[in-house]
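Here the structure is a predicted model, which means the values were calculated and not measured. What you see below is based on every heavy atom in this structure, not just the backbone, and it leaves out hydrogens, waters and symmetry mates.
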Amino acid sequence: MNTRALLALTLAAALALGALGCTQESQNRISRSIQNWTGTNGVLDIYAGNRLVMRFIKIDKLTTAESTGGGNESRAYRFGYGYLDRDLDYEVDPGEKKIYFEISDFSTNYIFYESPK
């Protein structure tokens, strides 16, 4: 085995061992950063009771807000950017603009999923 192959194998083994030593939250953050880099086509459906009242489409990520007090504490809301799909057809129509949104973890009934289209 040449030096370059041995170095690559050693690096791969070190990364694998590092991933195993990470907490579940650290592994989730790594996964989200990879997903954020590759992109997604997310859909956020918001419900009032059992009725769909709002849909955002083409969301690249849904982020949990973190506190500004110096700790790593999460705040009770998520935010992102997406197109408000007014006619709920999974298509960006003329006049539907990309906007910033926030949703509460406590009071908002929502489902976030990859677009079926």
Nearest-0.5 Å distance that lies between atom [atom1] in [X] and atom [atom2] in [Y]:
| X | Y | atom1 | atom2 | value |
| --- | --- | --- | --- | --- |
| I57 | E91 | CD1 | CD | 7.0 Å |
| K97 | R86 | NZ | CZ | 9.0 Å |
| I111 | L52 | CD1 | CG | 9.0 Å |
| R55 | L84 | CZ | CG | 11.0 Å |
| I59 | N41 | CD1 | CG | 9.0 Å |
| E96 | D89 | CD | CG | 6.5 Å |

Point to revise | Residues in side-chain hydrogen bond (donor to acceptor under 3.5 Å, both in side chains) contact with Y113, at least two apart in sequence or another chain | key: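 So Y113 forms a side-chain hydrogen bond (donor to acceptor under 3.5 Å, both in side chains) with D45, Y90.
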
Exercise for review: Only counting residues at least two apart or in another chain, list the ones meeting side-chain hydrogen bond (donor to acceptor under 3.5 Å, both in side chains) with T108.
Suggested key: none

Smallest separation among heavy atoms of [X] and [Y], with atom names:
| X | Y | answer |
| --- | --- | --- |
| V53 | A48 | CG1-CB, 3.7 Å |
| F101 | L62 | CE1-CD1, 3.6 Å |
| F79 | Y77 | CD2-CE1, 4.1 Å |

Practice item. Look at the side-chain heavy atoms of Ile, Leu, Val, Met, Phe, Trp and Tyr, link any pair under 4.5 Å apart, and say whether M54 and Y110 land in one connected group. Key: yes

Check your understanding: Should L88 and F112 be counted in the same cluster of Ile, Leu, Val, Met, Phe, Trp and Tyr side chains packed under 4.5 Å apart?
Key -> no

Review point. Just wondering, do F56 and I46 contact through their side chains at under 4.5 Å, heavy atoms?
Key: yes

Check your understanding: What pairs with Y81 under side chain to side chain contact (heavy atoms under 4.5 Å, CB included), at least two apart in sequence or on another chain?
Key -> K98, Y100

